[in-house]
Amino acid sequence: MTAPFDFAAGWLQENLLLPLLYSLDLMQWEDISFGWALFAVYGAAQVAVTYAICVPLERWRPVERWPDRRAVAVDVLYTLISRIGLLPLITFVLFYKLQVALNGFLTDHGWVPPTLERLVPDLLGQQVLTFFLYVLILDFADYWRHRLSHIFAWWYALHAVHHAQRQMTFWSDDRNHLLDDIFSFCWFTCIALLIGIPPMQFPLLVLLLRLLESLSHANTRVSFGWLGERLLISPRFHRAHHAVTAAGEQSVNYGAILPWWDMLFHTADFSRDFARTGDPTAEEALASGGYLAQQWVGLRRMLRDLVGGKAVTK
Ligand SMILES: [Zn+2]
Ligand SMILES: [Zn+2]
């Protein structure tokens with residue numbers, strides 16, 4: 001089952017990663033370059049699975065149809081950069097290195113590295129339950145990261161790249177400013193280190209969560225029904241977060257996978273029905289510009305808000 005993935009990862013390691021590491025004088029990373037390549041291949045496979053699920057859904061019951069889909073193309077580029085490049089690099093390579101360094105430091109000082117099982121000994125041997133708790137904790141952390149990114153104007157300046165898209169599709173999940181991605185990964189990595197997620201499980205968890213997040217961005221009239229929408233975030237629920245009236249500080253439905261945090265902290269809105277998406281306050285370049293233009297305008301807006309000392313957006 002894993003043989004084709006291993007084969008593709010071996011090929012990638014030999015023909016791309018090792019020559020690259022050699023030319024950059026980074027051969028000390030050689031030992032983990034196979035894992036890096038493997039998660040890049042998993043990332044590519046995940047994009048293929050997402051495509052196979054979401055394209056039929058978007059064709060079956062589209063919310064909107066656009067004669068010109070040029071604005072979607074940039075989101076495809078964001079997805080490829082993130083899923084095949086950044087996510088494997090950060091969730092496997094950097095996380096692995098950080099965890100080894102942290103655990104080494106703690107052991108040297110006579111401390112035991114933190115794990116969820118140490119905090120809750122009843123979880124020992126309960127792998128499925130532990131996995132579910134990892135999802136729960138990461139999703140809770142992501143709710144607050146996302147909510148804070150709407151509160152601070154300088155942070156929303158970056159997050160506006162995600163909200164500016166008027167042609168929202170399943171590709172839009174990865175449409176994030178590079179700096180915003182780095183903040184997210186730092187946030188996730190800190191939590192994952194604190195609860196001691198094993199190094200092979202962390203990238204797999206992120207892959208699974210991002211698959212569900214892609215589905216929630218799909219341009220499709222799909223909702224999970226009264227009960228289903230309260231158990232798992234649907235395209236209808238997340239679309240309300242992207243509504244033109246929900247950009248900036250006044251947004252709703254911040255959750256990524258589970259709607260429970262929105263329900264708990266009174267930010268859930270189950271009433272909005274497949275609204276138009278976009279951020280009318282965003283610069284046009286953020287909506288229809290190319291990748292580099294969006295990155296530049298987001299950065300410029302962030303610096304302006306930081307220097308201007310704006311507390312909240314809108
Ligand atoms: Zn948002
Ligand atoms: Zn979104």
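In each ligand, atom 1 is the first atom listed, and ligand 1 is the first ligand listed.
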Review point. Does Asp68 CG have over 12 foreign heavy atoms under 6.0 Å away?
Key: yes
**Study point:** Ring-ring centroid check His162 His217, cutoff 6.0 Å
**Key:** yes
Practice item. Output the rest of the hydrophobic cluster of Phe170: all Ile, Leu, Val, Met, Phe, Trp and Tyr residues reachable through side-chain heavy-atom contacts under 4.5 Å, sorted by chain and number. Key: Val47, Tyr51, Val55, Trp66, Val72, Val76, Leu80, Ile84, Trp171
**Study point:** Name, closest N/O/S atom of His217 to the Zn ion (ligand 2)
**Key:** NE2
Point to revise | Proximal protein heteroatoms (N, O or S) of the Zn ion (ligand 1), under 2.8 Å | key: His146 NE2, His150 NE2, His159 NE2, His163 NE2, His241 NE2
**Study point:** NZ or CZ of Arg145 within 45° of Phe183 ring axis and under 6.0 Å
**Key:** no
Check your understanding: Within a radius of less than 6.0 Å around CH2 of Trp144, do more than 12 heavy atoms belonging to other residues, nucleotides or ligands occur?
Key -> yes
Check your understanding: Quick one: do the Ser214 and Arg83 side chains pair a donor with an acceptor below 3.5 Å?
Key -> yes
